[in-house]
Amino acid sequence: MAESFTVHFVANYWRHILGIILPLLILYVIRSFFTRKRDTPETNRSPSELPEEHPLAEFRDAQPTDKDSDLPTAPLSPLHAEDTEQMPYVHVKHTEEEMIQRSQEFYKLMNNRRSVRMFSQQPVPIEVIRNIVHTAGTAPSGAHTEPWTFAVVQDAEIKSKIREIVEKEEYINYDRRMGDKWVQELQFVNTNYEKPYLDEAPYLIVVLKKPFRIGPDGTKHVHYYYEISTAISTGILIAAIQNVGLVTVTTTPMNAGVAIRELLGRPEHEKVMLLLPVGYPAPDATVPSIKRKPLNDIMVLK
Ligand SMILES: Cc1cc2nc3c(=O)[nH]c(=O)nc-3n(C[C@H](O)[C@H](O)[C@H](O)COP(=O)(O)O)c2cc1C
């Protein structure tokens, strides 16, 4: 009975059945074609093509947003060999007591850090600066792109030129660009356009961020999260400076970046992000008396 009904149904309605099945089949074939195309190794793919569940999917929207940068549109080529070997992680283990003690000591060391704007001219061995920059270079970076350059200036003439560039721009910044509210909110820091420390500190470290790198064949390759990566490495640089008993002040040379980059002979795709004088504090150095937020205000425990 059921069998004759089925035969009857198919005989009468086969055109309708085919009309439903055929488009579904075509859709399936098209979808399989595109899915296979997406399954090429990720190193050959633009991150925007990665599927939602892919472990690298977080990089999909990671295009730099810096308007100052000339972003490459070229496809990515592998940065690391696909067969990069794994190796054992060397773990230095401490007891819980040691961990508590070390974390307290490190907090004390870092809590003593202050932005110092008055420098002694006492020389600092270049070896110390090398080690500090080397330490900054241990920072994590998006897809291990290491998108930073630390230009260390010790030459007195170059330092003076940098001071000239910065002060010229800072004069306009304080006078016009920053606006009354900003200038007023900065009064506690007691700064103005004059930056004598740019001459006096034995070293200036210019931190440059690199939105992309240029391969040997001239192809441009995007550096994911280049800005945050460079910022993290600068944080490590600042901690390393504090660790050796030297001081710095994190400065953002507004509108002076291009002139400083050109003076240092750095390529156009490197952007000046920060300028840090490094040295001993002047014997009579003072800092604004400020308080830091208590732990409860910056940490939430769930
Ligand atoms: C992103 C950034 C930009 C800064 N820019 C300047 C600057 O241009 N000039 C300056 O004198 N200090 C600058 N500072 C230093 C801050 O004023 C300082 O960190 C803040 O007042 C807190 O003081 P502390 O560093 O002694 O804890 C900057 C700090 C940061 C993190």
Side-chain angles (χ1 to χ4, degrees), residues 64-68 106-120 132 136 139 147-148 150-151 153 159 162-201 203-209 225-261 271-282 284-295 297-299:
T65 52
D66 190 344
K67 290 181 185 62
D68 190 28
F106 193 64
Y107 164 71
K108 278 189 202 152
L109 173 74
M110 293 312 295
N111 193 34
N112 206 33
R113 182 208 59 79
R114 291 303 312 272
S115 291
V116 175
R117 299 169 180 85
M118 300 168 197
F119 282 76
S120 150
I132 286 168
W148 46 65
F150 299 91
V153 181
K159 282 193 289 176
I162 290 181
R163 179 177 175 184
E164 214 175 286
I165 293 167
V166 171
E167 287 189 340
K168 191 174 139 229
E169 292 300 330
E170 282 288 86
Y171 186 84
I172 308 170
N173 294 338
Y174 276 85
D175 192 50
R176 269 161 273 165
R177 293 192 190 117
M178 286 157 67
D180 290 346
K181 188 171 179 284
W182 191 348
V183 172
Q184 206 178 328
E185 281 180 355
L186 267 181
Q187 265 172 7
F188 81 97
V189 188
N190 200 23
T191 54
N192 58 29
Y193 76 93
E194 287 174 306
K195 312 285 170 196
Y197 55 75
L198 294 177
D199 266 337
E200 291 160 2
Y203 298 99
L204 303 180
I205 301 183
V206 181
V207 182
L208 300 116
K209 57 185 180 183
Y225 295 116
Y226 70 97
E227 203 145 35
I228 191 163
S229 303
T230 310
I232 290 172
S233 74
T234 307
I236 295 175
L237 181 86
I238 292 168
I241 292 169
Q242 179 68 10
N243 183 50
V244 294
L246 296 175
V247 294
T248 187
V249 53
T250 315
T251 71
T252 33
M254 203 203 302
N255 270 52
V258 172
I260 295 174
R261 177 182 59 71
K271 313 287 170 192
V272 171
M273 188 162 99
L274 295 163
L275 171 57
L276 293 97
V278 182
Y280 293 101
D284 56 351
T286 57
V287 291
S289 171
I290 52 168
K291 284 199 166 51
R292 297 201 164 109
K293 289 179 179 174
L295 182 62
D297 281 7
I298 62 166
M299 176 173 163

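Every value quoted in this text rests on a predicted model; they were computed, and no experiment measured them. Residues: numbered from 1 along the sequence shown. Whatever order the structure lists ligands and atoms in, that order sets their numbers, starting from 1.
- Between the CD atom of Glu167 and the CG atom of Asp199 there is a distance of 8.0 Å, given to the nearest 0.5 Å.
- Looking at Asn111 and Tyr107, their side chains do bring a donor and an acceptor atom within 3.5 Å of each other.
- For the side-chain contact (heavy atoms from CB on, under 4.5 Å) criterion with Leu276, the lone passing option out of Val206, Leu204, Ile238 is Ile238.
- Of the options Ile290, Val247, Thr248, a side-chain contact (heavy atoms from CB on, under 4.5 Å) to Arg114 is made by Ile290 and by none of the others.
- A 4.5 Å side-chain heavy-atom check between Glu170 and Lys195 finds at least one atom pair inside the cut-off.
- Closer than 4.0 angstrom to ligand 1 lie heavy atoms from Arg113, Arg114, Ser115, Arg117, Phe188, Thr191, Val249, Thr250, Thr251, Thr252, Ile290, Arg292.
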Without placing hydrogens or testing angles, list every side-chain donor-acceptor pair under 3.5 Å for residues 229-237, not counting sequence neighbours.
residue : atom : partner : partner atom : Å
Ser229  : OG   : Gly142  : N            : 3.1
Ser229  : OG   : Tyr225  : O            : 2.7
Thr230  : OG1  : Pro147  : O            : 3.2
Thr230  : OG1  : Tyr226  : O            : 2.6
Ser233  : OG   : Thr230  : O            : 2.9
Thr234  : OG1  : Thr230  : O            : 2.8

